[in-house]
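Here is the structure we will look at.
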Amino acid sequence: MASPLIGISGAGIGGLAAAIALRKLGLESVVFEQTAKFGRVGADINLTPNAVLALDGLGVGAALRETAARPTHRISRTWDTGEETSRLEMSQAAEARYGAPQLTMHRADLLSTLEQAVPADTIRLGKRTVAIEEDGDGITVRFEDGTSQRVDVLVGADGIHSTVRKYLLGDEYPEFTGVVAYRAVVPASRLEGLPNLGAFTKWWGPNPETQIVTFPLNRGRDIFIFATTPQDSWRHESWTMPGSVEELRASYADFHPEARALLDACDEVLKSALYVRDPLPAWSRGNITLLGDSCHPMMPFMAQGAGMAIEDAVVLARQIAASPHEPAEALKRYEAVRRERTAKIQIGSRGNNWLKEGGNADWVYEYNAWSMTLV
């Protein structure tokens with residue numbers, strides 16, 4: 001009996017990771033991506049040790065290390081006094097403890113590395129999924145351009161506005177949090193004299209919605225700045241929409257001088273509203289399942305959105321490989337393994353208090369998706 005053909009809707013981080021993992025385990029997949037070509041989009045990606053360990057298993061870790069930075073510490077500081085409330089050693093200490101370091105890089109570098117690890121004929125660009133039809137022999141995925149594809153299994157890795165999730169669960173809308181996020185990248189040379197540029201530093205604001213996070217990119221040559229603040233009037237979700245540098249600086253005018261100096265170095269910024277969903281009670285039905293943001297979108301406060309999608313991809317591939325001719329059962333097991341962990345992190349990310357005054361990161365970082373027991 002031939003192995004199943006697995007269709008993956010979405011060539012983002014989770015979708016490409018799933019294609020690589022499936023291929024590594026001898027399974028065939030085809031990836032449908034709505035964009036006509038890959039571009040250098042987004043600003044940053046923060047890969048904690050659990051995500052890097054999974055990527056190492058995919059065989060792409062060495063390539064990522066060529067351009068990534070390795071933050072020395074994870075530091076918490078108080079917004080007005082600058083007091084340091086916790087310092088967690090990362091880099092070599094994290095690798096010794098968890099089996100992999102934390103890596104920070106441009107999101108496009110991660111996507112490019114994943115793309116290069118997938119055979120070109122596996123990815124179909126310009127294929128926006130508009131309809132899904134099931135019958136006794138498989139699944140038909142129909143695209144906006146009028147073409148279609150038959151698959152045996154369908155994985156929705158198509159983000160927070162997932163078409164596959166809508167097919168499974170009906171209309172469902174993400175909830176606006178009332179929080180907006182600013183993102184910027186500045187050369188480290190503009191910030192000479194500021195401390196801790198080689199670390200992941202989080203400035204905790206006067207309320208849970210307000211923060212400034214910085215960490216190095218591009219082997220330390222650039223510094224990424226991520227800031228959030230309450231603002232109910234802005235609802236645009238795009239990560240490519242320009243924001244106002246003046247508005248950014250004004251929002252944090254009462255922060256410590258070292259935090260304000262980071263914002264003073266910005267000459268352009270992107271702005272986006274943050275949306276969330278509640279954890280789903282189920283995300284698989286028959287031979288169709290969901291992965292990453294399509295089933296558990298997260299606030300960025302624990303830096304686990306990409307990590308959870310990558311872990312999903314590995315566990316999903318391992319479950320299908322364990323019983324390739326019983327995909328519905330494999331998808332049930334995949335969901336059973338992943339649902340509790342992702343829900344806990346999804347909810348924890350909303351609270352925005354993780355590691356504020358120290359604590360143990362082991363329950364998040366000490367997770368090897370390649371060796372977890374398959375139920």
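The shown structure was predicted, so the numbers you read here are calculated from the model rather than taken from an experiment. Sequence positions, counted from 1, serve as the residue numbers for this chain.
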Out of curiosity, M90 CE to R74 CZ, how far, rounded to the nearest 0.5 Å?
8.0 Å

Does R277 use its side chain to pair, donor to acceptor, with the backbone of E172 at less than 3.5 Å?
yes

Side-chain polar contacts of residues 17-29 - donor-acceptor pairs under 3.5 angstrom, sequence neighbours left out - could you list them?
residue, atom, partner, partner atom, Å
K24, NZ, G57, O, 3.2

Give a yes-or-no answer on whether the side chains of E335 and S284 include a donor-acceptor pair shorter than 3.5 Å.
yes

Less than 6.0 angstrom separating the ring centers of W79 and H256, yes or no?
no

With a 3.5 Å cut-off and no angle check, do the side chains of H296 and D312 form a donor-acceptor pair?
yes

Kindly give the cluster partners of V130, where membership spreads through any ILVMFWY side chain lying under 4.5 Å from a current member.
none

To the nearest 0.5 Å, atom CG of N360 lies from atom CD of E366 at 8.0 Å

Does any N or O in the side chain of T113 come within less than 3.5 Å of the main-chain N or O of L64, such that one atom is a donor and the other an acceptor?
no

What's the spacing between E33 CD and D158 CG if we round to 0.5 Å?
9.5 Å

Is the positively charged end of R341 above the ring of Y367, judged by distance under 6.0 angstrom from the centroid and angle within 45° of the axis?
yes

Judged by atom type as modelled, is there a donor-acceptor pair below 3.5 Å linking the side chain of T122 to the main-chain atoms of V118?
no

May I ask you to decide if the ring planes of F226 and F224 are parallel, tilted or perpendicular, using 30° and 60° as cut-offs?
parallel

Quick one: OG1 on T140 to CG on D135, what's the gap to the nearest 0.5 Å?
5.5 Å

Distance-only check: which donor-acceptor pairs under 3.5 Å involve side-chain atoms of residues 164-171, not counting sequence neighbours?
residue, atom, partner, partner atom, Å
R165, NH1, I160, O, 3.0
R165, NH1, S294, O, 3.0
R165, NH2, I160, O, 2.9
K166, NZ, D171, OD1, 3.2
Y167, OH, E134, OE2, 2.6

Using distance alone, with no hydrogens and no angle criterion, decide if E247 and Y182 have a side-chain donor and acceptor under 3.5 Å apart.
yes

Look only at the side chain of R77 and the backbone of G82, and say whether a donor-acceptor pair between them is shorter than 3.5 Å.
yes

Are the charged groups of E95 and R70 less than 4.0 angstrom apart, N to O?
yes

